[in-house]
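Every value quoted in this text rests on a predicted model; they were computed, and no experiment measured them. For this chain, numbers begin at 1 and follow the sequence in order.
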Amino acid sequence: MTDLEARIAAAPDKTLLLLDDDQALRTRLGRALESRGFVVTTAGSVAEAREALKVSVPAFAVLDMRLEDGNGLRVVEAIRERREDARIVMLTGYGAIATAVAAVKAGAVDYLQKPADADDVFKALMAAGETAEPPDNPMSADRVRWEHIQRVYELCDHNVSETARRLGMHRRTLQRILAKRAPR
């Protein structure tokens, strides 16, 4: 038994809320986390997650950031209001520094980009304040620039004109950058 497996075995409350609108991912990840000792409740929408929270507030949560009926950050806030010690990991297919910062500020302990496997999610849930190792492949300068633009865009409530003004660039140039995929 590894140190992480021993931690979950010793945990008094093993309840976990898994929120993701992708049915296949939710089923696969739910089964993998159950096999690691968690008692998993799944939800496919923010509304389903809020209903599950009315029944009980879990000790752990794995939440998707963007869902059809809202944002996973609202669920983070709902959990934090009723249980400050909950360990929450955010998942997203849209990895950006701005959303990662927002997730951590809301109360998530980690932020993983999809596709994250069950081992990565398990390690993130069970990490006890340990500092992460530096990345093997840090972001390129182009990626850092793109992340900065995304952050300012997010802070300006997705207002292209205001973001362009604050960044000192032409609005059309900003629109072209926002339309492209993130550089590697």
**Q.** side chain to side chain donor-acceptor pair (under 3.5 Å) partners of D119, counting only residues at least two apart
**A.**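 For D119 the side chain to side chain donor-acceptor pair (under 3.5 Å) partners, ignoring immediate neighbours, are R36.
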Q: Mind jotting down which residue pairs meet the salt bridge (charged side-chain N to carboxylate O under 4.0 Å, His left out) criterion with at least one end in residues 152-163? Sequence neighbours excluded, please.
A: E162-R165, E162-R166
Pairwise distance [atom1]([X]) to [atom2]([Y]) - rounded to 0.5 angstrom:
| X | Y | atom1 | atom2 | answer |
| --- | --- | --- | --- | --- |
| L174 | C156 | CG | SG | 9.5 Å |
| L155 | Q150 | CG | CD | 11.5 Å |
| R31 | R26 | CZ | CZ | 12.0 Å |
| D117 | R28 | CG | CZ | 8.5 Å |
| E34 | K14 | CD | NZ | 13.5 Å |

Should [X] and [Y] count as side-chain neighbours, where that means a heavy-atom distance under 4.5 Å?
| X | Y | answer |
| --- | --- | --- |
| P58 | L53 | yes |
| L178 | T163 | no |
| D22 | D64 | no |
| N71 | V46 | no |
| F38 | L125 | yes |
| V76 | I79 | no |
| Y153 | V160 | yes |
| K180 | W146 | no |

What is the minimum heavy-atom distance between [X] and [Y], and which atoms define it?
| X | Y | answer |
| --- | --- | --- |
| A108 | M90 | CB-CG, 3.7 Å |
| S45 | L19 | O-CD1, 3.2 Å |
| A124 | R87 | O-NH2, 3.6 Å |

**Q.** Over 12 non-hydrogen atoms of neighbours within 6.0 angstrom of CZ in R83
**A.**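 Yes, enclosed.
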Q: Step through the shown structure and confirm whether more than 12 heavy atoms of other residues, nucleotides or ligands are within 6.0 Å of NE2 on H170.
A: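 Check fails, neighbour count at 12 or below.
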Q: Applying side chain to side chain contact (heavy atoms under 4.5 Å, CB included) between T42 and each of V62, L18, D20, report the one that passes.
A: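 Looking at V62, L18, D20, the match for T42 under the side chain to side chain contact (heavy atoms under 4.5 Å, CB included) is L18.
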Q. Of the options L63, D120, L29, which is the one that meets L91 in a side chain to side chain contact (heavy atoms under 4.5 Å, CB included)?
A.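 So, applying the side chain to side chain contact (heavy atoms under 4.5 Å, CB included) to L91 and each of L63, D120, L29, only L29 qualifies.
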Q. Are R50 and D69 close enough for a salt bridge, meaning some N to O gap below 4.0 Å?
A.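 No, this pair does not count.
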**Q.** Test: E77 and R74 ion pair at under 4.0 Å
**A.**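 Yes, this pair counts.
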**Q.** Expected output: side-chain T41 to main-chain L17 donor-acceptor under 3.5 Å
**A.** no
Q.
So, using side chain to side chain contact (heavy atoms under 4.5 Å, CB included) as the criterion, who are the partners of R145 when residues are at least two apart?
A.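 I149, M169, I177.
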